[in-house]
Each structure stands twice: as structure tokens, then as C-alpha cells.
Amino acid sequence: MSALAKRIDPVESEAAEQRELTDGFHLVIDALKLNGVKTVYNVPGIPITDLGRMMQAEGIRVLSFRHEQNAGYAASIAGYLTKRPGICLTVSAPGFLNGLTALAHATTNCFPMILISGSSEREVVDLQQGDYEEMDQLAVAKTMCKAAFRVLHAADIGIGVARAIRAAVSGRPGGVYLDLPAKLFGQVMDATAGEKSLVKVIDPAPAQIPAPEAVKRALEVLKSAKKPLIILGKGAAYAQADEQIRTFVEKSGSPFLPMSMAKGLLPDTHPQCAGAARSTVLKESDVVLLIGARLNWLLSHGKGKSWGEPHSKKLIQIDIEPKEMDSNVEIAAPLVGDIGSCVSALLEGMGNKWTPAPAEWLNAVKTKREENVAKMAPRLMNNNSPMDYHGALGVLRTIIKERPDAILVNEGANTLDLARGVIDMYRPRKRIDVGTWGIMGIGMGYSIAAAVETRNPVLAIEGDSAFGFSGMEIETICRYNLPVCVVVFNNDGIYRGTDRNSAGSDPATTVFVKGARYDRMIEAFGGVGVNATSPDELRRAVNEAMDSGKPTLINAVIDPAAGSESGRIGNLNPQSAIRKKPTQ
Ligand code: ADP
Ligand code: MG
């Protein structure tokens, strides 16, 4: 055979090409792996089915969900728990839109997340010629996230992934959309050039050091306080500066108030914790230091009666986002930087001679707190059947005390508001809940990601309505055999199960099937289902589930008359000026 013939031998040249070429699929996977992505939350379908398969084959853990919104919530909380972007992978148009709710949620909550969606062909979408699942996804996503990118050429995949990662975790973390059109995956390029095109993101979330004058100003304001208060938000929990924060709070001698997801950063049983004296400290404090907490609706925007107005307070705020300052009220001492650096700088500035806050103030707070705790105690010990919220939560409170490393997922109305107050947390980032929007639907997605990312047991305390938004994912929990125990607080409906429709035979808008047995749903997938009608039964069932680590769903039968409308935020419901409430 001549040399020329050898060179063009079809079989050999194909083999040579295969060795030297790569494509969009592999470049996406290589780019993610290069940047340490180990887990992807996914719902397969056109055009990303093979991408998921190949990721799995290449050693990425790919968890397939039943609905994109739940995969998205999982990715968002994975971002919060790990400080690395959680990755959600979806199909085009409808799958993308389902995931988008979670991406907007991640952005609102300042969680780093990347939503990667396959999309239809640009040429067809832009001429609106009616492609399969046609949608200008990039344009839609832009309004709902921190940044959005589209990659059209295989050679740009490395840059696209790098930009997405950096945008998600740097500064104030948030959601990023990455649009990958179907055609990109099959694009072929030289393997060596492909490898060179990948980017390893160096220092994706650089420390942001506060200005020395700002630190000095903050300390001066803090020093002037007679009744200081430190409010810890989920930004403080996210920052993973647990030791510095604890040392700072203790050195300050100030009471601290943890926002919902900051509970456990210092234990709720800490002598300085003002969780059970919330209204007193908000009203009476004279200087308030916010650490990774925004003055949004959850803090009454920092004003009004609950903040003791017309008396004015001075505020110090630590946040990585400069625009957060003065968002609702004047901030006397803005401290812009990452929480770890800011708190360290404050500690340094305090030196060894810092005088802690006056003891009378802390003692007054302590007295108030003990009073409130004592008032609640007997209610938590009742063994009523059907259960009321306090009886059921009293049991779960003890279980978390005995198992402080378990992750508590919590959503609902009454189930959320009461559990937040009743259940003490002892370790950082162990309570994850509805967050800034107060949304329902995070339950099973959060539970799955918490179990996968931390390998700790998960206890999900769910209102029956809240559970319904993601309930199908109990199949996912069973499929991956995750140590998740779901307790559904079943009171036959939304807020209460007792509403009646006075105008017809349809059920009232807020009620569900009476006596529903949610426990039987998980049995369909091989999990453990338990019907618990008393606190004693509930205690036994949860302990068993936490010991065994088997996927479990407990239907906790709650008195349908026990709840109140919208839990603790009924005041946010608008009232009709001309009609009384039609159902009672
Ligand atoms: P909460 O609801 O618990 O009060 P928010 O979500 O309102 O908490 O506030 C969190 C704040 O933390 C946001 O303003 C965000 O910019 C800030 N933040 C998040 N991560 C960091 C960080 N590493 N350093 C400083 N601030 C941060
Ligand atoms: Mg309910």
C-alpha cells in the first residue's frame, strides 16, 4: 500500500479524528468539572438528555427530579449550603420556565445558582417560525436573575461557564442563567484547542475588605450604645465566618436576634440570644447592627411602631452590596465588605479593652425572654389527639435538641411561623426555609439537596398545602434512598380545614380532602409511611426514621380548627371595603 493510500485509509483517519476531536457536550462537562462541580440537579428531555447521561458517565452526580422547579430549589439551597453555585439543568421553554421560579428565588435570597437550559435554534426562534419549544429564553431570564449568558460556539463554552460561575458567587451572590442552544452540543472542535479554551475560575468570590474609616465609624456608633442589638441574617450564615461572628457577638455583650435561617449561628439557647424577646429588643434598642440581614418586610422595613418609633435609633449595617445601604432607612455607619473580613476588622478595632454593653440591658432582655419561654412551655407538653401545633412542635423541638446536626426544612403558614419560634437551633446553617419571599414549594427540593450536599439527616416540617407543591419528589427521595423524614402537618387545608362555601356544593377554596393519608403516598415508592395522631406517636415515628435513615413520611393529624389565617402575617391580606369575608 502506498503512503498516500495509507494516509487516506477511511477507517484509520476516522479513528485519528475521534482521538483529536471534542464537542459541545464534552466541553460543557469538562468546564464544569474543571471548576469543581460535583452535583447537578436535573430533569431530562430534549435537548439535554444525553448531556445528563454523559455527565453521569463522567463522574458528576446527576440527580433527576420530577419537576424543574424542585430541581431548581435544590440547586439554590445547595448554593447556600456550600458557597458554590448550585447547578440546575433543564430542557427548553416550559422546563426553563419551571426552573426560572427557582432562579428568581435564588437571586432574591442571594444564593449562588446557575440554571443551565437547552434552547431551540436561534435562527428559528428569532424569526418566530415555530420551533419545538420555541422561546427567547435569554430575554425572559434577564429580568429575573443577576446575569444571563448564551453560548453559540463550542470554543466559547469555557468562557461562558467561567462567567456564569463568577457572576453567581462574587459580590452579592445570586442566580445566573446559561443558555445553551441544541446545536451547540453537537459542534465539533479540535480537542487540544478545546481543552485550552476552558477556564478555571481563580478566586471566584474574592474577599472584600472594608475601608478602615468605615470600621472606625461603625465602632464609634457601637461604643455609644446603651442598648445595642445585633441582628444576624442568612447572609451571615452564608458567609461561613461562624467563629468570628461568635467571638464578636460575645465580646460586644449585646443581645442578638437571629433571622429565621441565621438561627443556630450561635445557639438559640445562648445567654445573649433575644429570639424569644424579639419585640422588646426591636422596640427598645438604641443602636442596631445588621450583619447580612436586609431591612425588608421581614424586619418591617426598619421603621414603625415595632421599631419603637418615634424614638430614633442608629443603625450600622454590614453587607457586601453597597446599594443595600439606606434602602429603607438611614444607615449611620455603613460597612461594605464581606462579612468575614468586616467582622474580623471590627474585632481587631475593638482590641483588648472593649467595654461590653451595659449588663442591665442584657439582663432586662434575659428576663423578658425567660418570661416568654416559661409561658410557652406547658403548651409544648400537651399530648392532645388530634394534635394542636404546640403539642406536635414540642416533640420535634426535643428531637432537634437531641440531634443538632439534622437539617430542618420548614414551610407552611402556621406550620412555619410556629415551628420557627418553637424549635431552637444549635448549629449554623441547619435551618432552611421559605426565605425572603416566604414562598411555598421549597420543601422536597431543599430536603433532597440538604441530604445530598451535607449527608446529614433531614427533617422536613411541612404544612399539608406547602407539601403539595413538591410532594411528587418523595419518589425522588425514595429513588436515591435519602435520609429524609417528612412530617406533614395535616389540618385538612390551607390555614385551617374548617372553611365552608356558603354559596354552593363545591368545597371552600381553602380546604382539602378531609382525613387525607399522605403517609400512603410514600408507600407507593417503597418508603415508610406512618399515620401519627398524638405527640407520643409522632415522637416514636420521627425517632425511628432518624435512626434508620429510611425515606419516611409521617402524616401528623392536626386539629383542623387549630390554625389561623395566613399564620402570623394575616395583616398582609387586603380587606374588602364593601363585603364581609364570604366563608367562615
Ligand atoms: P435575612 O432574610 O436572613 O434577614 P437577607 O437575605 O435579607 O437575610 O440578607 C442577606 C444579606 O446578606 C444580603 O443583603 C446580602 O447582600 C448579604 N450577604 C450575603 N453574603 C454575604 C457575604 N459573604 N458578605 C457580606 N454580605 C453578604
Ligand atoms: Mg394546612
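When a ligand or atom number is given, it counts from 1 through the structure's own listing order.
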(message) Among all protein heavy atoms in this structure, tell me which lies nearest to atom 19 (C) of ligand 1, with the distance rounded to 0.1 Å.
(response) Gly235 CA, 3.7 Å
(message) Which residue and atom name correspond to the protein heavy atom nearest atom 10 (C) of ligand 1, and how close is it?
(response) Gly292 O, 3.0 Å
(request) Among all protein heavy atoms, pick out the one at the shortest distance from atom 26 (N) of ligand 1; state its residue, atom name and that distance to 0.1 Å. (result) Ile320 N, 3.1 Å
(message) Taking 4.0 Å as the limit for heavy-atom contacts, which would you say applies to Asn296 with ligand 1: side chain only, backbone only, both, or neither?
(response) side chain
(request) Compute the shortest N/O to N/O distance between Glu321 and ligand 1 and return yes if it is under 3.5 Å, no if not. (result) no
(request) Could you tell me whether Lys234 and ligand 1 have an N or O pair separated by under 3.5 Å? (result) yes
(request) Say whether Tyr238, considering both its backbone and side-chain N or O atoms, lies within less than 3.5 Å of an N or O atom on ligand 1. (result) no
(request) Among all protein heavy atoms, pick out the one at the shortest distance from atom 5 (P) of ligand 1; state its residue, atom name and that distance to 0.1 Å. (result) Arg294 NE, 3.4 Å
(request) With heavy atoms of Cys110 as the reference, note each atom of ligand 1 found under 4.0 Å away. (result) 13 (C), 15 (C)
(request) Could you tell me how the ring of Tyr446 sits relative to the ring of His105: parallel (under 30°), tilted (30 to 60°) or perpendicular (over 60°)? (result) tilted
(request) With Ser566 as reference, evaluate Asp417, Asn573, Asn571 under the side chain to side chain donor-acceptor pair (under 3.5 Å) test and give the passing residue. (result) Asn573
(request) Would you please say whether a donor-acceptor pair under 3.5 Å links the side chains of Lys234 and Thr436? (result) yes
(request) Taking atom NZ of Lys366 as the centre, report whether more than 12 heavy atoms of other residues, nucleotides or ligands fall under 6.0 Å from it. (result) no
(request) If you have a sec, work out which protein heavy atom is nearest atom 23 (N) of ligand 1 and how many Å separate them, to one decimal? (result) Ala239 CB, 3.9 Å
(message) With a sphere of 6.0 Å drawn around CZ of Arg163, does it hold more than 12 non-hydrogen atoms of other residues, nucleotides or ligands?
(response) no
(request) Take every heavy atom of Ala205, measure it against each atom of ligand 1, and state whether any distance is under 4.0 Å. (result) no
(request) Look at atom 14 (O) of ligand 1 and say which protein heavy atom is nearest, naming residue and atom and giving the distance to 0.1 Å. (result) Asp319 OD2, 2.5 Å
(request) Could you establish whether Ala262 and ligand 1 come within less than 4.0 Å of each other, counting only heavy atoms on the residue side? (result) no
(message) Within the 4.0 Å heavy-atom shell around Met259, which atoms of ligand 1 are there?
(response) 3 (O), 4 (O)
(message) Ignoring hydrogens and geometry beyond distance, is a side-chain donor-acceptor pair present between Thr510 and Arg496 at under 3.5 Å?
(response) no
(request) Determine whether the side chains of Ser564 and Asn414 contain a donor N or O and an acceptor N or O closer than 3.5 Å. (result) yes
(request) Mind running side chain to side chain donor-acceptor pair (under 3.5 Å) on Thr454 and Arg429 for me, showing each step along the way? (result) CA-CA 10 Å; Thr454 69; Arg429 294 169 296 282; over 6 Å; no
(request) Report the C-alpha distance between Asn410 and Arg420 in whole Å, list the side-chain angles of each, state the deciding distance to 0.1 Å, and finish with yes or no for side chain to side chain donor-acceptor pair (under 3.5 Å). (result) CA-CA 8 Å; Asn410 190 199; Arg420 185 177 48 228; over 6 Å; no
(message) Students should be able to answer this: which protein heavy-atom is nearest to atom 25 (C) of ligand 1, and at what distance?
(response) Ile339 CG1, 3.1 Å
(request) Give the contacting part of Ala293 toward ligand 1: side chain, backbone, both or neither, where contact means a heavy-atom distance below 4.0 Å. (result) both
(request) Any chance you could measure Tyr426, atom OH, to Lys263, atom NZ, to the nearest 0.5 Å? (result) 9.5 Å
